[in-house]
Participant: 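First, the structure itself, so that you have it in front of you.
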Amino acid sequence: MKNLGWVQGGLMASPLLAAFLALQVGAYAVPWTDLWSVVFWSSGTTAVPEHLRAIILNVRLPRIVLAMLVGLALSASGATLQAVFRNPLVDAFIMGLSAGAAFGCAISVAFFPALPIQISAFVFCILAAFLTFTLARTRGEVPTLALILSGVVVSAFFTALVSIIKFLVDPHKLAAIVFWLMGSLSLADWQAVQKAAPWIICGALVIFFGRWRLNALSMGDAEAKSLGVAVGRERGLFLLAAALAVAAAVSVSGIIGWVGLMIPHVVRMLVGPDHRRVVPISMAAGATFMVLSDTVARTITGGEIPVGIVTTLTGAPFFIYLLKKRGQESWTT
């Protein structure tokens, strides 16, 4: 139990450590002394150069905060969907929610600029979840393979719709749209943080404060009802919260896959299946993973690669590992 406490404490503190590292690393290295002075507003004998202060506060810090929010949203939604559907092989990316949200963002930008992009993303994210669940449901059950295949179909459908929009939009915007769809935080600023944060925090809080109910839902409908849980209402509430967080994340970062699949699994391996621990630690670990992935994406080459490529290169082998295990793991607490 002592070791478990240290693991939990380390994971919860990891976002701050990753953020401090990411603030220092980049094309223009920031000395630790200057970074410390700017972050903690300490008054030293030597003033921090204005260009360094601008790099830290106006370029790297908003990007790190946005990466944390996106990682938190994707990890929390992944843990939630896996519990709600009692399926360890799903997340927002595999179920097509990310593709649906991306289509909502694209249609808002292309045809309805007056419509807030987060609202459009949320509507189509919910639609994607409904379609995936409906297609997979057979005789009152949702088999693992059917859910994955339905997610692939729905994701392909919305991806095709996005391709049509890319064909119709101004060619000057095409490159930016393609780069965004690969998953990137290159356009992060404080305005993007301001737009995404309320939606992500709202969805995450619903999941956080109701996380104990995920333990009941993951046992099955009969067991959950015997514990006094209104299964239909709770499942719908969690799906709405997960979709809200995912839609907001996609609206500012594009499609970033595999985070919601990997992080909850790794957390369950470390701290067990109890969602009272899994949910908050997944949020922290997801934020850390996204910050580190984005740091690699912007520093590994002379230019910058989309962070979605980094997460895919990490997540695809992990998914193969899960398929080999056939998703066999304990859901009970």
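All values below come from the heavy atoms of this structure, side chains included, with hydrogens, waters and symmetry mates left out.
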Participant: Can you name the closest pair of heavy atoms from Gly308 and Thr311 and give their distance?
Facilitator: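 For Gly308 versus Thr311, the nearest heavy atoms are O-OG1, 3.0 Å.
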Participant: Side chains of residues 153-164: which donor-acceptor pairs under 3.5 Å do they make with residues two or more places apart or in other chains?
Facilitator:
unit_1, atom_1, unit_2, atom_2, d
Thr159, OG1, Ser155, O, 2.7
Ser163, OG, Thr159, O, 3.0

Participant: Any chance NZ of Lys166 has more than 12 other-residue heavy atoms, nucleotides or ligands included, within less than 6.0 Å?
Facilitator: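 Yes - once you tally the heavy atoms of other residues, nucleotides and ligands closer than 6.0 Å, there are more than 12.
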Participant: Report, as yes or no, whether the 6.0 Å neighbourhood of atom CG on Leu205 holds more than 12 heavy atoms from other residues, nucleotides or ligands.
Facilitator: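 It does: Leu205 CG has more than 12 such atoms within range.
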Participant: What's the separation between atom CG in Asp294 and atom OG in Ser184, rounded to the nearest 0.5 Å?
Facilitator: 7.5 Å
Participant: Roughly how far, to the nearest 0.5 Å, is CZ of Phe318 from OG1 of Thr312?
Facilitator: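 Reported to 0.5 Å precision, the distance equals 14.5 Å.
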Participant: Main chain of Met290, side chain of Ser293: is a donor-acceptor contact present, judged purely on distance under 3.5 Å?
Facilitator: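 Side chain of Ser293 to backbone of Met290: no pair is present.
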Participant: Test your reading of the model: is there a side-chain donor-acceptor pair from Gln82 to the backbone of Gly260, 3.5 Å cut-off?
Facilitator: yes
Participant: Using a 3.5 Å distance criterion without hydrogens, assess whether the side chain of Ser108 forms a donor-acceptor pair with backbone atoms of Cys105.
Facilitator: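 No; judged by distance alone, with no hydrogens or angles, the pair does not exist.
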Participant: Can you tell me if Arg211 uses its side chain to pair, donor with acceptor, with the backbone of Phe208 under 3.5 Å?
Facilitator: yes
Participant: I need the His275 NE2 to Arg268 CZ distance, nearest 0.5 Å.
Facilitator: 5.5 Å
Participant: Throw together a table of side-chain donor-acceptor distances under 3.5 angstrom for residues 113-135, partners on residues two or more places apart or in other chains.
Facilitator:
unit_1, atom_1, unit_2, atom_2, d
Gln118, NE2, Ser251, OG, 3.4
Ser120, OG, Gly104, O, 2.6
Thr132, OG1, Met95, O, 2.7
Thr132, OG1, Ala128, O, 3.0
Thr134, OG1, Phe130, O, 2.7

Participant: Are the aromatic rings of Phe93 and Trp258 close, with centres under 6.0 Å apart?
Facilitator: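 When the ring centroids of Phe93 and Trp258 are compared, they turn out to be within the sub-6.0 Å range.
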Participant: Are Arg298 and Glu304 ion-paired here, with the side-chain N under 4.0 Å from a carboxylate O?
Facilitator: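 No, Arg298 and Glu304 are not salt-bridged.
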